[in-house]
Each structure stands twice: as structure tokens, then as C-alpha cells.
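A short worksheet on the structure shown next.
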Amino acid sequence: MQFETMTGIEVSQIRNQFIKHSPLIHCMTNDVVQTFTANILLALGCSPAMVIDPEEAEQFAAIADGLLINVGTLTAEQRSAMCRAVHSAITARKTWVLDPVAVGALTFRTSFCHELLTLEPTAIRGNASEIMALARVSHGGRGVDSLNTTNDALPAAQSLARQIKTIVVISGEIDYVTDGERTIALSGGDFIMTRVVGTGCGLSAVVAASCALPGDRLKNIAGACAIMKQAGQTAKQKCRGTGSFIPEFLDALSQPNN
């Protein structure tokens, strides 16, 4: 299989586009990662907002440049708010991204995510086990931990992308970004990123921001993944452990040369 790649110049250009356009991203994300997610977007020059009340979420989704739906700490009330926000975003012709956290393992979120697929998200970002469960070829991972490699999940991701006309991101040691026909492979990052809460959820928010940029959407999303991986590598070289990794990671994201 032949994969496309991203050049350093392309990644730098996408990094500059975040600063130039400063997309306003409506993050309906889980309670554990809200602050970290907001700081990741701010470090890149984007503008985050966490609007969760059902009525306000519906209104704000039409105003924002992009919407993130992350089901990490899903409740019945959040489900209603998320549905209203997604329908509002679609009506306003805004992009929206699904992060199917721990899908497959729990019936409530699994059923909800499969329902959301019928609304054709602009992009989906998950780990290998989540993507395979979303595509109905496995039962998910161990909570938020993947039991599969991204290579395992790639055929399911490509099939899912073709089926609902979306772009699927499988994040892991190697990230794959695919629309079912074109696939970009991205290496890099560091294992320490899996030992800190919120790097995957933060990536989903950056993917949502990249969907709001002009140009080749597949390349924009791949550039978002590359930026996060590069920042992870830079932070690992400077940090002393997981505690100091987070500020080093945010510093790396906020410096365009990294």
C-alpha cells in the first residue's frame, strides 16, 4: 500500500494557518480534559470555547468555526446537548469532529456514536480499538486503552471513511489519516504521550480546528497530527517525567519553530 507523506514545509504552513485564521472551536469534550484541551488550542493560536448547556450549545455551534464531540464522560443530558449542537452545526454548514472515547466497551456511548455516524461527521479521531469498534469489527479496547495497533485498524478506517464520506484519524505510534482513497502515514511522537491524560482528546480538538482551515482537508488534518507529534518529541527531550511534560508540551506547541 502506498502512503502519502507530509513535508516539513507543509506542516509549517498549516501551523501558520492556525495563527492566521484563529478558528473558534466549540469543544463539547469530557470533564477530565477541558482545561488541557483549551490550552492546547490556545497554544496553537486557536480560540476554544466550552459551551455545554443544551440550548446554548445549539446556538453556539452555528457561531463557531468548528465543533468537537468527545463522549469521554457522556451523560444523558450531554447526549441531548451534543445532538442539538451537531444538527445546528450541520444546518450552518460548519465542520464537526467525533472522538468516540471508549466506544465498544459500553453500550450507551457505543449506541450514541453509531447514531452520530448517520450524521456524517467531517472527521473522526480515535485510537485503533475505538475505530475498529466504531466500524463494528471489534468490541473496543480496555477503557480508553487500545488493544490494537493502528495497522490493525487501517482497513476498518478506510472502509468507514468511504462508507460515510469522512476522514478518519487513527492515532498511535504511527498515525494514519485516510479518506478511504488517500492515506497519510505519520510517525513520531513519544510513548510518554500515552501516560498523560488528554493528549488524544487534545489532538481531536486540533483536528477540529484543522477542519476549519481552507485548503486540502486531508493534508490539514495530517498536519495537525504532525504538529502534535513534533511537540511531543520536543517536550520529551526537555521534561523530567510526566509532571513536567505537560508545560513543556504546551511550550513546544506555542513555538512555531517546533
Side-chain angles (χ1 to χ4, degrees), residues 3-29 33 36-50 60-70 89-90 92-99 121-125 161 165-171 175-179 181-189 193 198-235 249-258:
F3 300 120
E4 294 184 34
T5 58
M6 292 290 293
T7 68
I9 293 175
E10 287 176 316
V11 174
S12 180
Q13 288 172 338
I14 291 165
R15 177 68 177 82
N16 290 336
Q17 289 293 308
F18 283 132
I19 298 171
K20 177 181 179 181
H21 294 281
S22 189
L24 173 61
I25 303 305
H26 181 186
C27 299
M28 301 189 74
T29 190
V33 303
F36 190 37
T37 297
N39 283 335
I40 285 172
L41 288 173
L42 286 168
L44 288 171
C46 306
S47 182
M50 278 65 177
F60 195 75
I63 298 169
D65 296 309
L67 170 68
L68 168 65
I69 299 294
N70 174 309
I90 292 170
R93 299 184 181 278
K94 301 298 179 69
T95 56
W96 71 281
V97 171
L98 173 63
D99 185 338
T122 310
I124 300 166
R125 200 293 310 172
K165 300 179 180 62
T166 189
I167 294 173
V168 178
V169 180
I170 326 166
S171 58
D175 288 0
Y176 290 110
V177 182
T178 184
D179 63 5
E181 304 298 332
R182 301 164 60 200
T183 300
I184 300 174
L186 301 145
S187 59
M193 297 175 76
T199 53
C201 297
L203 173 58
S204 294
V206 179
V207 167
S210 71
C211 287
L213 298 177
D216 184 335
R217 184 166 287 156
L218 189 78
K219 287 276 191 177
N220 288 344
I221 292 174
C225 295
I227 289 166
M228 293 286 280
K229 281 184 172 294
Q230 289 173 1
Q233 287 179 298
T234 300
F249 181 67
L250 292 174
D251 281 351
L253 285 174
S254 68
Q255 298 168 15
N257 291 332
N258 287 321

If every non-hydrogen atom of [X] is compared with every non-hydrogen atom of [Y], which pair is closest and at what distance?
| X | Y | answer |
| --- | --- | --- |
| G215 | N220 | C-ND2, 4.0 Å |
| I25 | A205 | CG2-O, 4.4 Å |
| C46 | A209 | SG-CB, 3.9 Å |
| Q17 | P214 | OE1-CG, 3.8 Å |
| G202 | M228 | C-CE, 3.9 Å |

Could you give the distance from [atom1] ([X]) to [atom2] ([Y]), rounded to the nearest 0.5 Å?
| X | Y | atom1 | atom2 | result |
| --- | --- | --- | --- | --- |
| D175 | I184 | CG | CD1 | 11.0 Å |
| I221 | S210 | CD1 | OG | 4.5 Å |
| K20 | Q13 | NZ | CD | 11.0 Å |
| T166 | R217 | OG1 | CZ | 9.0 Å |
| E181 | L218 | CD | CG | 11.0 Å |
| N70 | M28 | CG | CE | 10.5 Å |

Practice item. Kindly determine whether T199 and L203 satisfy side chain to side chain contact (heavy atoms under 4.5 Å, CB included), including the steps that lead there. Key: CA-CA 6 Å; T199 53; L203 173 58; over 6 Å; no
Determine whether a donor-acceptor pair (N or O, by modelled atom type, separation under 3.5 Å) exists between the side chain of [X] and the backbone of [Y].
| X | Y | answer |
| --- | --- | --- |
| K94 | A64 | yes |
| T122 | W96 | yes |
| S22 | I19 | no |
| D99 | I69 | no |
| K229 | G189 | no |
| S12 | G8 | no |
| E10 | T7 | yes |

Heavy-atom side-chain contact between [X] and [Y] under 4.5 Å:
| X | Y | result |
| --- | --- | --- |
| C211 | V97 | yes |
| L186 | V177 | yes |
| I227 | L44 | yes |
| T178 | R182 | no |
| S204 | T37 | no |
| F60 | L24 | yes |
| H26 | I63 | no |
| N16 | I14 | no |

Practice item. Anything under 30° is parallel, anything over 60° is perpendicular, the rest tilted; go ahead and classify F249 against F36. Key: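 The rings of F249 and F36 sit tilted, inter-plane angle from 30° to 60°.
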Review point. Taking it one step at a time, do V168 and Y176 satisfy side chain to side chain contact (heavy atoms under 4.5 Å, CB included)?
Key: CA-CA 8 Å; V168 178; Y176 290 110; over 6 Å; no
Practice item. Begin with the C-alpha distance, continue with both residues' side-chain angles, and end with the deciding distance and a verdict on side chain to side chain contact (heavy atoms under 4.5 Å, CB included) for R125 and I170. Key: CA-CA 6 Å; R125 200 293 310 172; I170 326 166; over 6 Å; no
**Study point:** Full working for side chain to side chain contact (heavy atoms under 4.5 Å, CB included) between D65 and S47
**Key:** CA-CA 10 Å; D65 296 309; S47 182; over 6 Å; no
